[in-house]
Amino acid sequence: MADTLTETNDPIARMRAIRRDIHAHPELAFQENRTSDLVAEALTRAGIEVHRGLAETGVVGTLKNGDGPVIGLRADMDALPIEEQSGAAHCSTHHGVMHACGHDGHTAMLIGAAEALAASRNFRGTIHFIFQPAEENFGGGKRMVEEGLFKLFLCDAIFALHNWPGLPAGRIAVQPGPMMASYDSFTFTLKGVGGHAAMPETTKDPVTTAAELVLALQTIVSRKISPHDPAVLTITQMHGGHTFNVIPEEMKVMGTVRCFSGEVRDFIRAEMLRVAEAVCGAHGVSVSLAYEEGYPSTINTPAEADYAQRVASELVGAEHVDTGFRPSMASEDFSLMLQEVPGAYIWLGAGLETKPLHHPEYDFNDDTLETGRDLLILLATNFQNGIQERT
Ligand SMILES: [Zn+2]
Ligand SMILES: [Zn+2]
């Protein structure tokens, strides 16, 4: 690991080496020990004050240069439980684990930005470099916040990048309002009366009831919510029964809900239970709903999104900055941080050829490292007057 950090002094080649090193050694949620060590070592070598231990493997580097506003720049460090099929030379060496979302690239870009800013010190104020664990599913960002991230490291605004396949390399997309949807998961448990498959009249069949429930749930989004309020309710699992000739006593129906507004989110949740009780009640089957709120929608605050847009325009030219686009129905843990501190989540074009995120053949596009790093640097150096004076 130390070899990677000393291999070359060329900052771009160095970022690429760090990115590929992390890619070859992916780590799942809250197990990012090697990655966390690498980040801490790189920041320490750059003369940046390092704090460790928030959400287990979280790292926060702090760089001060006199009085001034405080900006937080965040990267995620975790990988996914996917067997890599990219065929890259720096392919994952950990069986069944890979960086399929580019968090290796995000980490490398933020290290690159931290090193450059520590060397140039051409900013006024304080920069917190926030490296979070467990973005995928396990809420590492939420845990960092709960463990005092923004009490220990007060920020006036926070920013994060995510590489975006399908958006041409060299383009940047950011807008005020929603960028990503909320992500909740749910499990219905239907309890009927099991029995002989040949004598259905002696049972209360949870299988046919579950089939009706799946269809009835589809009318919540399609019939009860305005088409102007995007929402998705998807059933992803149905479990029940063990053999051909027995009607089971229990069925489980599971899935996910995605949307952009808190109101719609609350409405869907309440309506799901109402519909389920009505459908199951009609067939003498009892039902319970375990609804787990995951990530809220990722909402950029107007002033900070506007600031990020102007910084991006300065870097790549306004003609290469997208705004007013459709938000993604995927979700993002940075949303929890944005509930605490104003800020913006920014998409960095990963190129049209790059495989989709979470695909087994995905690999972060190293040609975008420099643009991402420079965007982070510019967000920090231009921030010295704060957001207000620049809007
Ligand atoms: Zn992901
Ligand atoms: Zn991601």
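Atoms considered below: every heavy atom in the structure, side chains included; atoms not considered: hydrogens, waters and symmetry mates.
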Quiz item: Would His283 and Glu212 count as a side chain to side chain contact (heavy atoms under 4.5 Å, CB included) if you check the C-alpha gap in whole Å, the side-chain angles of each, and the deciding distance to 0.1 Å?
Solution: CA-CA 10 Å; His283 301 293; Glu212 272 186 41; 2.9 Å; yes
Linking I/L/V/M/F/W/Y whenever any side-chain heavy atoms sit under 4.5 Å apart, do [X] and [Y] land together?
X      : Y      : answer
Leu54  : Phe150 : yes
Leu289 : Leu217 : yes
Val70  : Val145 : no
Val193 : Leu213 : no
Leu110 : Tyr345 : yes

Return yes if some donor-acceptor pair links the side-chain N/O of [X] with the main-chain N/O of [Y] below 3.5 Å, else return no.
X      : Y      : result
Thr323 : Val174 : yes
Tyr362 : Ser86  : no
Thr301 : Pro342 : no
Gln384 : Thr381 : yes
His196 : Ala198 : yes
Gln175 : Pro178 : yes
Ser185 : Thr256 : no
Ser261 : Val264 : yes
His103 : Asp78  : yes
Asn65  : Arg124 : no

Quiz prompt | Phe325 and Trp347 aromatic ring geometry - parallel, tilted or perpendicular at 30°/60° bounds | solution = tilted
Looking at [Y] and [X], is there a salt bridge between them, counting it only when a charged N and a carboxylate O are closer than 4.0 Å?
X      : Y      : answer
Glu146 : Arg143 : no
Glu115 : Arg14  : yes
Arg20  : Asp104 : no
Asp363 : Arg19  : yes
Asp37  : Arg52  : yes
Asp184 : Arg269 : no
Glu249 : Lys191 : no
Arg310 : Glu314 : no

Is there side-chain contact between [X] and [Y], with at least one heavy-atom pair below 4.5 Å?
X      : Y      : answer
Val214 : Val253 : yes
Leu348 : Met109 : yes
Thr107 : Asp76  : no

Around atom [atom1] of [X], are there more than 12 heavy atoms from other residues, nucleotides or ligands closer than 6.0 Å?
X      : atom1 : answer
Tyr291 : OH    : yes
Glu353 : CD    : no
Asn245 : CG    : yes
Glu201 : CD    : yes
Glu83  : CD    : yes

Quiz item: Do we see a donor-acceptor contact under 3.5 Å between the side chains of Asp333 and Gln132?
Solution: yes
Quiz item: Are side-chain N/O atoms of Glu332 and His162 paired as donor and acceptor at under 3.5 Å?
Solution: no
With rounding to the nearest 0.5 Å, note down the distance linking [atom1] in [X] to [atom2] in [Y].
X      : Y      : atom1 : atom2 : answer
Asn365 : Asp367 : CG    : CG    : 4.5 Å
Met77  : His99  : CE    : NE2   : 9.5 Å
Leu369 : Asn163 : CG    : CG    : 10.0 Å
Thr189 : His239 : OG1   : NE2   : 11.0 Å
Phe131 : Leu73  : CZ    : CG    : 9.0 Å
Glu250 : Ser286 : CD    : OG    : 9.0 Å

Distance-minimising heavy-atom pair for [X] and [Y]:
X      : Y      : value
Ala113 : Leu376 : CB-CB, 3.8 Å
Ala276 : Phe188 : CB-CE2, 3.4 Å
Ile268 : Ala231 : CD1-CB, 3.9 Å
Ala350 : Thr368 : CA-CG2, 4.2 Å
Ser335 : Pro296 : OG-O, 3.2 Å

Quiz item: By salt bridge (Lys or Arg N to Asp or Glu O under 4.0 Å), which residues pair with Lys64, not counting sequence neighbours?
Solution: none
Practice problem: Report the C-alpha distance between Glu84 and Ser92 in whole Å, list the side-chain angles of each, state the deciding distance to 0.1 Å, and finish with yes or no for side chain to side chain donor-acceptor pair (under 3.5 Å). | Solution: CA-CA 7 Å; Glu84 179 161 0; Ser92 169; 4.6 Å; no
Quiz prompt | Step-by-step side chain to side chain donor-acceptor pair (under 3.5 Å) determination, Thr35 to Glu27 | solution = CA-CA 8 Å; Thr35 312; Glu27 296 168 304; 2.5 Å; yes
Quiz prompt | Pi-cation contact, Phe364 with Arg16 (under 6.0 Å, within 45°) | solution = no
Self-check item: Worked verdict on Met254 versus Met238 for side chain to side chain contact (heavy atoms under 4.5 Å, CB included)
Solution: CA-CA 6 Å; Met254 303 151 90; Met238 291 175 76; over 6 Å; no
Quiz item: When you look at Met15 and Arg373, which way does the side chain to side chain contact (heavy atoms under 4.5 Å, CB included) test go after all the steps?
Solution: CA-CA 9 Å; Met15 261 196 302; Arg373 178 199 69 157; 3.6 Å; yes
Exercise. Tell me, with the steps shown, if His358 and Glu136 meet side chain to side chain donor-acceptor pair (under 3.5 Å).
Key: CA-CA 10 Å; His358 296 201; Glu136 305 281 3; 3.2 Å; yes
Exercise. Might you work through the side chain to side chain contact (heavy atoms under 4.5 Å, CB included) test for Thr298 and Leu338, ending with a clear yes or no?
Key: CA-CA 7 Å; Thr298 305; Leu338 285 176; 3.7 Å; yes
Exercise. Verify the ring-centre separation between Tyr307 and Phe159: is it less than 6.0 angstrom?
Key: yes
